[in-house]
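Each remark here refers to the structure printed beneath this line.
None of the values given here were measured: they were computed from a predicted structure.
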Amino acid sequence: MNMLTIKDNLSKINEEIRKTAIASNRDPKNIMLIGVSKKKDVNTIQKGIDAGLTHLGENYIQEAIQKIKIIGKEHACWHFIGHLQSNKAKLAVQYFDYIHTIDRFKLALEIDKQAKINNKIQKILVQVNIGKEESKSGVDIEDTIELAKRINSLNNVSLKGLMCMPPFSLDPEHSRSYFKFLFELKKSINNIKINHLSMGMSHDFKVAIEEQATMIRIGTSIFGRRN
Ligand SMILES: *Cc1c(COP(=O)(O)O)cnc(C)c1O
């Protein structure tokens with residue numbers, strides 16, 4: 001049994017973010033903490049918000065919408081971080097401030113269309129399949145620059161950054177080379193709007209911060225284990 005509260009977990013993580021950022025010569029303010037609340041109920045999420053969490057990440061559209069309808073869009077900034085099917089683009093645009101998982105032009109095009117209908121500029125990130133894993137979504141590394149270019153031609157989406165999930169390993173050091181690679185890939189796109197790197201989860205967020213992450217996505221260490 002974990003006796004620590006969500007508030008305790010958050011203070012601990014915020015302190016670790018601060019320390020790691022400073023040790024890496026970075027301003028902790030440039031690191032956005034996204035609390036990943038998939039499979040957690042509304043009460044649990046509300047505790048996170050009450051403890052100061054301002055960004056929340058969800059993976060499943062239907063589950064997320066049910067929760068966002070209750071919690072409200074105004075109490076947190078909502079990030080979609082799960083795999084997105086084109087036929088769910090409409091809902092993602094209606095409910096989410098950021099979509100991290102754009103990995104094909106067809107999806108970007110649909111998001112652009114829906115954003116136009118909703119009279120908004122949708123903030124998106126391109127997910128890169130950094131570990132070349134068959135089982136994971138994400139655009140192939142060698143197709144990333146071309147996808148970013150095509151996305152830049154769209155009027156109602158704004159490409160804010162790149163996102164990745166390295167192959168899982170218990171050793172956080174294993175993620176470092178993948179994070180470094182995403183940083184270099186972002187540099188090679190050289191577009192000033194693309195300033196975010198969404199990388200790092202509960203087990204490897206410190207390494208991600210050392211490697212220039214600006215958005216870290218943490219679930220377990222804030223909300224506890226998922227069933
Ligand atoms: C679940 C999830 C996370 C959070 O993982 P934890 O290990 O619980 O911190 C981060 N990013 C994505 C894309 C996820 O699906």
Side-chain angles (χ1 to χ4, degrees), residues 2 4 6-38 48-49 51-59 76-82 97-101 123-131 133 136 138 141 144 159-226:
N2 181 4
L4 290 176
I6 287 172
K7 193 167 180 222
D8 295 333
N9 292 343
L10 262 178
S11 347
K12 187 164 165 254
I13 287 164
N14 278 319
E15 183 54 20
E16 285 174 333
I17 293 172
R18 200 186 62 83
K19 276 193 192 148
T20 312
I22 288 167
S24 320
N25 262 319
R26 300 190 55 199
D27 185 345
K29 285 197 206 78
N30 293 334
I31 295 151
M32 183 192 287
L33 170 61
I34 301 170
V36 176
S37 48
K38 61 171 174 250
I49 295 174
L53 206 49
T54 53
H55 292 270
L56 290 163
E58 286 280 342
N59 291 60
C77 183
W78 293 90
H79 298 251
F80 189 76
I81 61 170
D97 300 293
Y98 287 84
I99 301 170
H100 290 229
T101 47
K123 294 176 189 146
I124 62 168
L125 288 87
V126 161
Q127 178 178 5
V128 182
N129 189 351
I130 204 82
E133 291 175 282
K136 285 221 178 104
I141 292 165
T144 304
L159 180 56
K160 295 296 182 189
L162 300 181
M163 179 272 211
C164 79
M165 263 216 273
F168 186 79
S169 159
L170 285 171
D171 178 8
E173 279 303 324
H174 188 79
S175 300
R176 189 180 299 277
S177 59
Y178 297 101
F179 293 155
K180 273 190 202 294
F181 194 94
L182 199 69
F183 175 75
E184 292 302 326
L185 191 58
K186 179 173 82 81
K187 276 205 296 193
S188 69
I189 297 175
N190 67 42
N191 176 317
I192 44 162
K193 277 195 305 185
I194 307 181
N195 49 16
H196 279 294
L197 279 176
S198 168
M199 57 192 199
M201 317 193 339
S202 289
H203 68 291
D204 59 6
F205 76 89
K206 289 187 215 167
V207 173
I209 291 171
E210 288 163 4
E211 301 303 337
Q212 311 301 319
T214 63
M215 294 170 156
I216 54 175
R217 311 177 308 265
I218 302 189
T220 313
S221 296
I222 296 175
F223 295 113
R225 276 175 193 270
R226 291 176 292 270

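- No more than 12 heavy atoms of other residues, nucleotides or ligands sit less than 6.0 Å from atom CG of Asn25.
- When the side-chain contact (heavy atoms from CB on, under 4.5 Å) test is applied to Ser202, the partners found at least two apart in sequence or on another chain are Ile218, Thr220, Ser221.
- A pairwise comparison of heavy atoms in Leu53 and Gly35 identifies CD2-CA, 3.9 Å as the closest pair.
- The distance from the CG atom of Leu4 to the CD1 atom of Ile6 is 11.0 Å, given to the nearest 0.5 Å.
- Separating the CG atom in Leu33 from the CD1 atom in Ile17 is a distance of 4.5 Å, to the nearest 0.5 Å.
- Using a 4.5 Å heavy-atom cutoff, the side chains of Glu133 and Asn129 are in contact.
- Across every non-hydrogen atom of Tyr178 and Gly131, the tightest pair is CE2-CA, 3.8 Å.
- Side-chain contact between Arg217 and Met165 is present, with heavy atoms from C-beta onward closer than 4.5 Å.
- Put simply, the side chain of Glu173 reaches to within 4.5 Å of the side chain of Val207, judged on heavy atoms.
- The SG atom of Cys77 sits 6.0 Å away from the CE atom of Met32 when rounded to the nearest 0.5 Å.
- Judged by distance alone, the side chain of Thr101 and the main-chain N or O of Gln127 form no donor-acceptor pair under 3.5 Å.
- Looking at Gln212, Met163, Met215 one by one, the single match for side-chain contact (heavy atoms from CB on, under 4.5 Å) with Leu197 turns out to be Gln212.
- A 4.5 Å side-chain heavy-atom check between Glu15 and Lys12 finds every atom pair outside the cut-off.
- Ser175 is linked by a side-chain hydrogen bond (donor to acceptor under 3.5 Å, both in side chains) to Asp204, counting only residues two or more places apart in sequence or in another chain.
- When side chains are defined from C-beta on, Glu210 does not count as touching Phe179, because their heavy atoms never get closer than 4.5 Å.
- Two residues are said to be in side-chain contact when any heavy atoms from C-beta on lie closer than 4.5 Å; Leu162 and Ile189 meet this criterion.
- Listed by chain and residue number, Arg26, Pro28, Ile31, Ile209 satisfy the side-chain contact (heavy atoms from CB on, under 4.5 Å) test with Ala21 (two or more places apart in sequence, or in another chain).
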Quiz: residues 180-187 side-chain donor-acceptor pairs under 3.5 angstrom, not counting sequence neighbours:
{"unit_1": "Lys180", "atom_1": "NZ", "unit_2": "Glu211", "atom_2": "OE1", "d": "3.4"}
{"unit_1": "Lys180", "atom_1": "NZ", "unit_2": "Glu211", "atom_2": "OE2", "d": "3.3"}

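- Residues passing the side-chain contact (heavy atoms from CB on, under 4.5 Å) test with Ser169 are Asp171, His174, sequence neighbours excluded.
- Interatomic distance, Thr20 OG1 to Phe205 CZ, rounded to the nearest 0.5 Å: 6.0 Å.
- Ion pair Lys19/Glu16 not flagged as a salt bridge, since none of the NZ, NE, NH1 or NH2 atoms sits closer than 4.0 Å to an Asp/Glu carboxylate oxygen.
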Note to self: side chain to side chain contact (heavy atoms under 4.5 Å, CB included), that's the test. Do Asn14 and Arg18 meet it? Break it down for me.
What the structure shows: CA-CA 6 Å; Asn14 278 319; Arg18 200 186 62 83; over 6 Å; no

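- More than 12 heavy-atom neighbours from other residues, nucleotides or ligands sit within 6.0 angstrom of NZ on Lys136.
- Across all non-hydrogen atoms, the minimal contact from Leu56 to Ile34 is C-CG2, 3.7 Å.
- Between Asn195 and Thr214, the closest side-chain pair of non-hydrogen atoms is not below 4.5 Å.
- Between Met199 and Ile130 the shortest side-chain heavy-atom distance does not fall below 4.5 Å.
- Rounded to the nearest 0.5 angstrom, Ile81 CD1 and Met201 CE are separated by 8.0 Å.
- A search for side-chain contact (heavy atoms from CB on, under 4.5 Å) contacts involving Lys160 returns Tyr98, Lys123, Ser158, His196, not counting sequence neighbours.
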